A.B. asks: 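If you scroll down you'll find the structure; I have some questions about it.
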Amino acid sequence: MRYAFFGTPPFSAQLLQLLLDAGLRPEFVVTQPDAASRRGHELWPSAVAEVATQAGLPLEKPDSFRDPTGKLSFETRLLVETQNLDCVILAAYGKIIPSFLLSAPRQGWINLHTSLLPRWRGAAPIQRAILTGDEATGVSVMRMADGLDVGPYCAQAQVHIGDKDLAQLEDVLATKGAELLLAELPKIIDGTATWQKQDEALATYATKIGKHELDLSAELSAEDNARHVRASSDSAHACLTLVCGNRDISVRALHAKLWPLAVQQAHRTPGTAIVKNDRLVLICASASACCVITRLQPAGKRPQDSADFLHGLHLNAEESLLWR
């Protein structure tokens, strides 16, 4: 099988490694250009670039498909190179592929999309499934068409969400997706795969997560705040501000769980934070539960357990704080 691989984040890198482990070595790999880390200006390669480099694969990091200088553009070279391939496998690459390229490989472009299409087309399907409270998500092996995740699919696998966070779901979906893709690729390549058209009436869209969209709020329920934490990533944080005396302390919530709302907590006003059993207990707009932060990261510091953070504040037992 001759194929190329397009992808960028850790999910894509894990999928590429699983394909390599199965003996499927791509002709070349394409990923997003190196980007600055959140803690500095130094440029870092994508997760896919790291896997490709370690495996000694030909690697491209185009800024754009089209070259405004009039030289041979990347898309022109890509059109020529993909015509000799059975397919292109794409997973969370992060850029729109020009439509005229989609028919160049013999069996087209195959996208491993992290949702049960047609639900959650778009940029952030796993996060939107968490935030909406979906019971399940999954992966779809689809053939790319002109439009946002509108092509037909030949296979899907479902994954129960439960209390899994974004990173945990990405791990499960990468493994499930690789298994599904490896099972379907022989049928895709020999043309015997059965393709199911998507039902447009059932389509929903997973728009990109906004910069402050996952901030915690006392106006939300404990369940919604916990989902914000579970859906957070390095590019979109679940943040809150603690009011400790005359200090405002900004923290990123890294792990949260729900606790039943005890009698002594029920009369508390939403926006109150209680220190209990070395945990930061957030009172929210919820009648039955509170949101407990067990791991966090103060601004400018390393991640730490909430117990270590709270000990550093030197609070009295069950002393109340405010949060927003």
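Please read all numbers here as calculations on a predicted model, not as lab measurements. What you see below is based on every heavy atom in this structure, not just the backbone, and it leaves out hydrogens, waters and symmetry mates.
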A.B. asks: For residues Leu16 and Leu90: do they belong to one hydrophobic cluster (side chain heavy atoms under 4.5 Å, members Ile, Leu, Val, Met, Phe, Trp, Tyr)?
C.D. replies: no
A.B. asks: Between the side chain of Arg25 and the main-chain N/O of Ala55, is any donor-acceptor distance below 3.5 Å?
C.D. replies: yes
A.B. asks: Which atom names give the shortest non-hydrogen contact between Glu75 and Pro98, and what distance separates them?
C.D. replies: OE1-CG, 3.6 Å
A.B. asks: To the nearest 0.5 Å, what is the distance between CD1 on Ile97 and CG on Asn111?
C.D. replies: 9.5 Å
A.B. asks: Can you tell me if Gln304 uses its side chain to pair, donor with acceptor, with the backbone of Phe309 under 3.5 Å?
C.D. replies: yes
A.B. asks: At their closest point, which heavy atom of Ile126 faces which heavy atom of Glu170, and how far apart are they?
C.D. replies: CD1-CG, 3.8 Å
A.B. asks: Report the distance from atom CH2 of Trp323 to atom CG of Leu240, rounding to the nearest 0.5 Å.
C.D. replies: 6.5 Å
A.B. asks: Which distance, rounded to the nearest 0.5 Å, do you find between the CG of Asn225 and the CG of Leu216?
C.D. replies: 5.0 Å
A.B. asks: Quick check: closest heavy atoms across Leu24 and Tyr3, and the distance to 0.1 Å?
C.D. replies: O-OH, 2.7 Å
A.B. asks: Ignoring hydrogens, what is the shortest heavy-atom contact between Leu166 and Ala231? Give both atom names and the distance.
C.D. replies: CD2-O, 3.9 Å
A.B. asks: Grab the two heavy atoms, one from Leu202 and one from Pro118, that are nearest each other, plus how far apart they are.
C.D. replies: CB-CG, 3.7 Å
A.B. asks: Counting only N and O atoms by type, is there a donor-acceptor contact under 3.5 Å from the side chain of Ser46 to the main-chain atoms of Ala49?
C.D. replies: yes
A.B. asks: Would a hydrophobic clustering, with Ile, Leu, Val, Met, Phe, Trp and Tyr connected at side-chain separations under 4.5 Å, put Met142 with Ile188?
C.D. replies: no
A.B. asks: May I ask you to test the Leu322-Thr241 pair for a side-chain heavy-atom distance under 4.5 Å?
C.D. replies: no
A.B. asks: Please lay out, stage by stage, how Arg324 and Asp248 fare under the test side chain to side chain contact (heavy atoms under 4.5 Å, CB included).
C.D. replies: CA-CA 10 Å; Arg324 60 176 186 269; Asp248 285 0; 2.6 Å; yes
A.B. asks: What distance do Tyr153 atom OH and Lys197 atom NZ have between them, rounded to the nearest 0.5 Å?
C.D. replies: 12.5 Å
A.B. asks: Kindly compute the distance separating CD (Glu81) from CG (Leu101), expressed to the nearest 0.5 Å.
C.D. replies: 11.0 Å
A.B. asks: Check the pair Arg106, Asp86 against salt bridge (charged side-chain N to carboxylate O under 4.0 Å, His left out), reporting the backbone distance first and the verdict last.
C.D. replies: CA-CA 5 Å; Arg106 192 167 60 87; Asp86 292 310; 2.9 Å; yes
A.B. asks: Are Leu15 and Leu112 close enough that some pair of their side-chain heavy atoms sits under 4.5 Å apart?
C.D. replies: yes
A.B. asks: Would a 4.5 Å heavy-atom cut-off, applied to side chains only, mark Lys176 and Val159 as touching?
C.D. replies: yes
A.B. asks: With a 4.5 Å cut-off on side-chain heavy-atom distances among I, L, V, M, F, W and Y, is there a chain of contacts connecting Val141 to Trp120?
C.D. replies: no
A.B. asks: Measure from NZ or CZ of Arg143 to the centre of the six-membered ring of Trp195, then state whether that distance is under 6.0 Å and the direction lies within 45° of the axis.
C.D. replies: yes
A.B. asks: Mind running salt bridge (charged side-chain N to carboxylate O under 4.0 Å, His left out) on Arg121 and Glu200 for me, showing each step along the way?
C.D. replies: CA-CA 11 Å; Arg121 298 172 177 175; Glu200 291 295 324; 2.9 Å; yes
A.B. asks: Look at Arg128 together with Glu213 and state whether they make a salt bridge at an N to O cut-off of under 4.0 Å.
C.D. replies: yes
A.B. asks: Are the side chain of Lys164 and the backbone N or O of His160 linked by a donor-acceptor pair below 3.5 Å?
C.D. replies: yes
A.B. asks: Counting only heavy atoms not in Gln83, do more than 12 sit closer than 6.0 Å to its CD atom?
C.D. replies: yes
A.B. asks: Can you list the other members of the hydrophobic cluster that holds Leu220, where links are side-chain heavy atoms under 4.5 angstrom apart?
C.D. replies: none
A.B. asks: With a 4.5 Å heavy-atom cut-off, do Thr294 and Asp305 have their side chains touching?
C.D. replies: no
A.B. asks: Mind listing the closest non-hydrogen atom pair of Pro9 and Val48 along with its distance?
C.D. replies: O-CG2, 4.0 Å
A.B. asks: Under a 3.5 Å cutoff, is there a donor and acceptor pairing between the side chains of Thr137 and Ser115?
C.D. replies: no
A.B. asks: Taking salt bridge (charged side-chain N to carboxylate O under 4.0 Å, His left out) as the definition, give me every residue that meets it alongside Asp134, ordered by chain and number, with sequence neighbours left out.
C.D. replies: Arg119
A.B. asks: Which donor-acceptor pairs under 3.5 Å do side chains of residues 279-293 form with protein atoms, sequence neighbours excluded?
C.D. replies:
from: Ser286; atom 1: OG; to: Glu223; atom 2: OE1; distance (Å): 3.3

A.B. asks: Have Arg230 and Gln127 got a donor and an acceptor in their side chains that come within less than 3.5 Å?
C.D. replies: no
A.B. asks: Tell me, with the steps shown, if Arg252 and Ser232 meet side chain to side chain donor-acceptor pair (under 3.5 Å).
C.D. replies: CA-CA 9 Å; Arg252 173 186 175 185; Ser232 67; 4.5 Å; no
A.B. asks: Could you tell me whether the side chain of Val30 reaches within less than 4.5 Å of the side chain of Pro62, counting heavy atoms only?
C.D. replies: yes
A.B. asks: Any chain of hydrophobic side-chain contacts (each under 4.5 Å) joining Trp109 to Phe28?
C.D. replies: yes
A.B. asks: Is there a side chain to side chain contact (heavy atoms under 4.5 Å, CB included) between Phe11 and Thr114? Walk through the geometry before answering.
C.D. replies: CA-CA 10 Å; Phe11 166 80; Thr114 49; 3.3 Å; yes
A.B. asks: Which of these passes side chain to side chain contact (heavy atoms under 4.5 Å, CB included) with Met144: Val88, Leu102, Ile110?
C.D. replies: Leu102
A.B. asks: Near Asp163 CG, under 6.0 Å, is it more than 12 heavy atoms from other residues, nucleotides or ligands?
C.D. replies: no
A.B. asks: Under the side chain to side chain contact (heavy atoms under 4.5 Å, CB included) rule, what do Leu19 and Leu181 come out as? Steps first, then yes or no, please.
C.D. replies: CA-CA 9 Å; Leu19 290 171; Leu181 188 59; 4.2 Å; yes
A.B. asks: Can you establish whether the number of heavy atoms outside Lys95 located under 6.0 Å from its atom NZ is more than 12?
C.D. replies: yes
A.B. asks: Which of these, Gln196, Gln156, Gln198, His113, sits in a side-chain hydrogen bond (donor to acceptor under 3.5 Å, both in side chains) with Ser140?
C.D. replies: Gln156
A.B. asks: Would you indicate whether the side-chain heavy atoms of Val243 and Leu321 approach each other to under 4.5 Å?
C.D. replies: no
A.B. asks: Taking atom types as modelled and ignoring hydrogens, do the side chains of His311 and Asp278 form a donor-acceptor contact shorter than 3.5 angstrom?
C.D. replies: yes
A.B. asks: Is there a path from Ile161 to Val172 through hydrophobic residues (I, L, V, M, F, W, Y) whose side chains come within less than 4.5 Å of each other?
C.D. replies: yes
A.B. asks: Please check this pair: side chain of Asp215 against backbone of Ala238, looking for a donor-acceptor N/O pair closer than 3.5 Å.
C.D. replies: no
A.B. asks: Could you check whether any side-chain heavy atom of Leu185 comes within less than 4.5 Å of a side-chain heavy atom of Met1, counting everything from C-beta outward?
C.D. replies: yes
A.B. asks: Tell me whether Ser12 contacts the main-chain N or O of Ala91 through its side chain, where contact means a donor paired with an acceptor under 3.5 Å.
C.D. replies: yes
A.B. asks: So does Ile96 have more than 12 non-hydrogen atoms from other groups sitting under 6.0 Å from CD1?
C.D. replies: no
A.B. asks: Quick one: pull up CG in Asp165 and CG in Leu254 and give me the separation to the nearest 0.5 Å.
C.D. replies: 10.0 Å
A.B. asks: Would you mind telling me which of Thr53, Val51, Leu57 makes a side chain to side chain contact (heavy atoms under 4.5 Å, CB included) with Val29?
C.D. replies: Leu57
A.B. asks: Let me see the working for Thr31 and Phe5 under side chain to side chain contact (heavy atoms under 4.5 Å, CB included), right down to the final yes or no.
C.D. replies: CA-CA 9 Å; Thr31 189; Phe5 186 88; over 6 Å; no
A.B. asks: Does the side chain of Leu148 reach to within under 4.5 Å of the side chain of Tyr205, using non-hydrogen atoms?
C.D. replies: yes
